[in-house]
Amino acid sequence: MSKPNIITIDRDKKFSESALWEFQRSYFDREGIDAWVKDVPHYVTSNPFLANCYAQMTVRLVQDWVRKYPESKAHPFYIMELGTGSGQLSYYILKKIRELKKQLHLADIHICYLMTDFTESNLKFWDKHPALHQFVEQKMLDFAIFDMEKSKEIILKKSGVKISENSIVNPLIVYANYIFDSITNDAFTIKDQQIYASLVSLSTEASNMKHGKPVSMQQVKPTYTTAEVRENYYDNPVFNEIIHEYKHLLKDSNILFPIAGLRTIVNLKKLCNDRMFLVSSDKGYSIPAELENLGHPYIDFHGSFSLMVNFHAIAQYFEKTGGTALIQSPRPGIKTNVFYSGLNLAELPEFALSIHEHVMRLSPGDYFVLHRNIRDNFPQVPIESLVGHMAFTHWDPHIYRKITKQVCEQIVKADKEVVDYFAQCMPNMADNFYYMPQAYDVLFDIGLFFHTIRHYNEAIPYYEKSKHFFGERFDLIYNLAICQYNIGQVKEALAGFRYSLTFKPDSEETMKFIEYIENTEGDNLL
Ligand SMILES: C[S@@+](CC[C@H](N)C(=O)[O-])C[C@H]1O[C@@H](n2cnc3c(N)ncnc32)[C@H](O)[C@@H]1O
């Protein structure tokens, strides 16, 4: 057998200068919203449970701040989401913030959510999204291109406002989910109380290359060598201090250094006059014990690729520049960590309490671990517990998708209070539907739920919504016709049954229905 022809893509490059990052950028730029349809896992950082945690902390900060500084009411509070992606999380957070503002009598305070990303295609998707439109109209939402590797300023697309040191009066709130691991990182090796830069070489088979780029990132093989780290390795003395401290903090390991993330933090801290609250959820390492004994960076390819975030380095940066890092106690699952500067938690008690409740006590990671266990056992879970679980998920369509069949099978024999609870919360779940290409049609499932419990009047609007987003098909038109028949709209039902035959001409049940209606209704149909 002939040996495969191996191509070297990169040789002994600083990790941050590796071609990996350019491939990553072009992947997100090229795929835009399709990245989520195809391969990039995003449920864990974009669900209603996590949205509730972030919204609660944010609104409590705003509430405490205006109580302490009443004059701050005259200025907007900006929330900036970095590397926003699909916008699903933004939508859930916006809804929750609007609800909390109302409940807490904060309606007169202007909170403006900035969805940002480096690629124009995501911004275009948000701009046309029907669910986001209402928030733009209410001046709660604006968009901006913000490239964490390059941008120095933020210009809002809708209002034209330029965010600068002079324009931001209140603390800047920043959300950074699943992003510090997806933009440029450096890598270091620590051994015998020395630190070395990890240099990466990339190679792949020639057959995996097209127009100078690898077709499949999974088939790109990284190998590593080391090089000396000179005294002023970075132009930022705090970064240098942090990396050199690892010589004494760790014995033998390979670590990442989230250089683009840290530069973004420096930049944003400056823009907001060093008054910032940052919350980030991701897989990563937060304490030295977790950073010890690691191999070279594990690159998790899934269309794009992701790494493990070095939250410890981010925490160090905040601590060394007068801020604070609240690192979640170690636990399984993704980590949610909070960083702030220019805020005194002793003066912001509701905010402090909400961090305790939503990050330290029951966090998005706890939710996911618990949910995954229940999800793996759904068939054994009785319907009374399923409804409780749906409440725990904040009526998340992504979860209902997995139990819809089970619910429809069991609901007909369920206690009235279970049926009523489901029925009462279905509108909340419909409101959590966020359209994306190839999104799951939970609207049909909600229609089916009401149909199954014979609430035909309530089923029809959901079937209609399903038609609006996902188009006509046999099941939908047929089910709609049944509901119409059951509420006495016989002519419409007959037309519907006839029309459904265009999608499935040999449907015997449809033909029987048509025959039955024609025979029983006779002259009434004229
Ligand atoms: C892995 S996704 C995470 C999306 C979202 N935050 C989530 O949790 O699902 C990374 C996102 O960051 C964006 N991105 C990549 N490089 C970026 C950069 N340099 N500046 C800003 N956004 C970037 C991508 O377009 C993509 O939307």
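Note: hydrogens, waters and symmetry copies are ignored here, and every other heavy atom, side chains too, is used. Atoms within a ligand are numbered from 1 in the order they appear, just like the ligands themselves.
- Counting atoms of ligand 1 from 1 in the listed order, those under 4.0 Å from a heavy atom of R25 are 19 (N).
- Some N or O of N177 is nearer than 3.5 Å to an N or O of ligand 1, by distance alone.
- Proximity of Q24 to ligand 1, defined as any heavy-atom pair under 4.0 Å, is not found for any part of the residue.
- At a heavy-atom distance under 4.0 Å, only side-chain atoms of N122, from C-beta outward, approach ligand 1.
- Between D282 and K335 there is no salt bridge, since none of the side-chain N atoms of the basic residue sits less than 4.0 Å from a carboxylate O of the acidic one.
- Proximity to F146 (heavy-atom distance under 4.0 Å) selects the following atoms of ligand 1: 20 (N), 21 (C).
- Using cut-offs of 30° and 60° for the angle between ring planes, the F257 and Y234 rings count as parallel.
- The structure places CD1 of I111 at 5.5 Å from CD1 of I79, a figure rounded to the nearest 0.5 Å.
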List, one per line, each side-chain donor-acceptor pair under 3.5 Å for residues 367-377, sequence neighbours excluded.
unit_1 : atom_1 : unit_2 : atom_2 : d
Y367   : OH     : Y43    : OH     : 2.8
H371   : ND1    : H389   : NE2    : 3.0
N377   : ND2    : N373   : O      : 2.8

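- Below 4.0 Å from some heavy atom of G85 lie the following atoms of ligand 1, by number and element: 27 (O).
- Residue I179 touches ligand 1 through its side chain alone, judged by heavy-atom distances below 4.0 Å.
- The atoms of ligand 1 that sit less than 4.0 Å from any heavy atom of T45 are 7 (C), 8 (O), 9 (O).
- A salt bridge does not link K13 with E17: every distance from a Lys NZ or Arg NE/NH1/NH2 to an Asp or Glu carboxylate oxygen is 4.0 Å or more.
- In terms of N/O distances under 3.5 Å, ligand 1 is approached by D147.
- Some N or O of G83 is nearer than 3.5 Å to an N or O of ligand 1, by distance alone.
- For ligand 1, the atoms closer than 4.0 angstrom to any heavy atom of T119 are 25 (O).
- Under a 4.0 Å criterion applied to the non-hydrogen atoms of E149, ligand 1 contributes the atoms 19 (N).
- Near S182, meaning under 4.0 Å from one of its heavy atoms, ligand 1 places the atoms 1 (C).
- How far OH of Y435 is from CD of Q88: 13.0 Å, rounded to the nearest 0.5 Å.
- Checked against F188 for a ring-ring contact (aromatic ring centres under 6.0 Å, His included), the options Y233, Y196, Y224 give a single hit: Y233.
- Considering backbone and side-chain N/O of D117, one or more are found under 3.5 Å from N/O of ligand 1.
- Using cut-offs of 30° and 60° on the angle between ring planes, the pair F351 and F277 is perpendicular.
- Only the side chain of F28 comes within 4.0 Å of ligand 1, counting heavy atoms alone; its backbone N, CA, C and O stay farther away.
- The shortest N or O to N or O distance between I183 and ligand 1 is not below 3.5 Å.
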request  = Could you walk me through whether K95 and D431 pass salt bridge (charged side-chain N to carboxylate O under 4.0 Å, His left out), step by step?
outcome  = CA-CA 9 Å; K95 281 201 310 153; D431 202 37; 3.2 Å; yes
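- Panel note: side chain E149, backbone I183; no donor-acceptor pair is recorded below 3.5 Å.
- With F318 as the partner, the ring-ring contact (aromatic ring centres under 6.0 Å, His included) test is satisfied by one option alone out of F339, Y340, F311: F339.
- The option from F180, Y178, F305 that lies nearest to atom 1 (C) of ligand 1, judged by heavy atoms, is Y178.
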